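Let me begin by presenting the structure, written as structure tokens, before commenting on it.
Note that the structure is predicted; figures quoted are calculated from it, not measured. Lettering follows sequence order; numbering is per chain, from 1.
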2 protein chains.
Amino acid sequence: MKKTLTTICYHFFTNLANPTRLAALEQLMDKPMSVNELAQTLGQEQSMISHNLKPLLDCNLITVENQGKKHIYTVNKETIAPIFKAIENHAQKFCPKGGKCLTGEN
Amino acid sequence: MKKTLTTICYHFFTNLANPTRLAALEQLMDKPMSVNELAQTLGQEQSMISHNLKPLLDCNLITVENQGKKHIYTVNKETIAPIFKAIENHAQKFCPKGGKCLTGEN
DNA sequence: AGTTTATATGAATAGTAATTCATATGAATA
DNA sequence: TATTCATATGAATTACTATTCATATAAACT
């Protein structure tokens with residue numbers, strides 16, 4: 001199995017293939033937020049948000065700036081925006097009726 | 001949890017977050033191939049390739065044309081190419097040293 | 001019709017990742 | 001420095017997904 005593009009993309013996609021992380025990213029597209037702010041907005045536990053932000057941070061899909069106790073997370077729009085856009089385009093053009101592509105049902 | 005972009009993207013990324021499927025897509029970027037051709041090229045079992053092509057097909061990331069017994073699979077470059085490109089750009093710009101982003105090591 | 005070739009499917013197992021809960025760290029403030 | 005607030009970490013459980021192996025379908029050819 002080739003080690004180049006596939007290897008790069010695998011961890012990248014694995015990172016993004018998680019509803020909590022995607023929801024977090026989606027919120028952060030609106031504005032930078034702290035962990036608790038995200039937790040409240042998404043209705044999830046603080047520890048869960050924290051756990052899930054880590055891989056996003058490791059892969060530089062988000063950045064963090066510590067303001068005292070609060071850690072403010074910012075999405076890397078330069079990377080995330082075009083990818084989300086590409087998927088929206090795909091969904092519109094190739095999966096207009098949704099179906100398996102959106103629901104995963106088989 | 002929001003149901004719009006997150007839902008669309010979740011199944012999309014889940015689909016792509018698999019080394020076998022990524023390797024298959026990468027091969028298909030070169031040229032359309034049959035299942036056995038892919039299996040041989042990737043050194044994997046036919047049934048494994050077949051299993052993994054299904055979700056890609058369901059999500060229209062590939063298309064198939066049946067030529068008699070052979071089923072020739074073609075990648076949807078319009079969708080896949082820009083996404084791979086975006087990830088390459090990200091890796092170059094934000095993860096120049098690879099590290100956690102590429103290896104997944106923690 | 002029987003045989004070969006190509007692909008798909010089902011079901012069980014194995015392998016990975018997500019979530020939870022308890023606790024630790026660390027910064028600010030009284 | 002004791003306390004509170006904000007976040008991170010560890011470890012166990014749960015849940016999910018991939019892979020394998022056996023078998024089914026389906027087309028072409030004898």
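The distance from atom CG of L16(A) to atom P of dA17(C) is 15 Å, rounded to the nearest whole Å. In this structure, I49(B) places its CD1 atom 11 Å from P of dT7(C), rounding to the nearest Å. Nucleotide dT9(D) holds its C1' atom 15 Å from the CG atom of L57(A), rounded to whole Å. With rounding to whole Å, M33(A) atom CE is found 16 Å from dA6(D) atom C1'. Distance, F13(B) CZ to dA17(C) P: 17 Å, rounded to whole Å.
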Every protein N/O lying under 3.5 Å from an N/O of nucleotides 13-19 of chain D:
| from | atom 1 | to | atom 2 | distance (Å) |
| --- | --- | --- | --- | --- |
| dA18(D) | OP1 | N18(B) | ND2 | 3.2 |
| dA18(D) | OP1 | R21(B) | NH2 | 2.6 |
| dT19(D) | OP2 | T20(B) | OG1 | 3.3 |

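Contact between the side-chain N/O atoms of N36(B) and the OP1/OP2 oxygens of dT5(C) is not found at any separation under 4.0 Å. Between S47(B) and dC21(D) there is no side-chain polar atom (N or O) within less than 4.0 angstrom of OP1 or OP2.
With both pairing distances under 3.5 Å, dT29(C) is matched to dA2(D) as a Watson-Crick or G-U wobble pair.
Side-chain polar atoms of Q27(B) and T41(B) form no donor-acceptor pair below 3.5 angstrom.
Under a 3.5 Å cut-off, the side chain of R21(A) and the backbone N or O of L53(A) do not form any donor-acceptor pair.
Here E37(A) pairs with K31(A) in a salt bridge; the nearest charged N to carboxylate O distance falls below 4.0 Å.
For DNA chain C, the residues of residues 63-76 of chain A within the heavy-atom distance limit of 4.0 Å (strictly under) are G68(A), K69(A), sorted by number.
The aromatic rings of F12(B) and H90(A) lie perpendicular to each other, with more than 60° between the two planes, well past the 30° mark.
Hydrophobic clustering (side-chain heavy atoms under 4.5 Å, transitive across Ile, Leu, Val, Met, Phe, Trp, Tyr) keeps I83(B) apart from F94(B). The hydrophobic clustering, which links ILVMFWY residues whose side-chain heavy atoms are closer than 4.5 Å, places L16(A) and L57(A) together.
Side-chain atoms of Q46(B) stay outside donor-acceptor range of the base of dA6(C), with no qualifying N/O pair under 3.5 Å.
Residue S50(A) has its side chain nearest to dT7(D) when only dT7(D), dT9(C), dC21(D) are considered.
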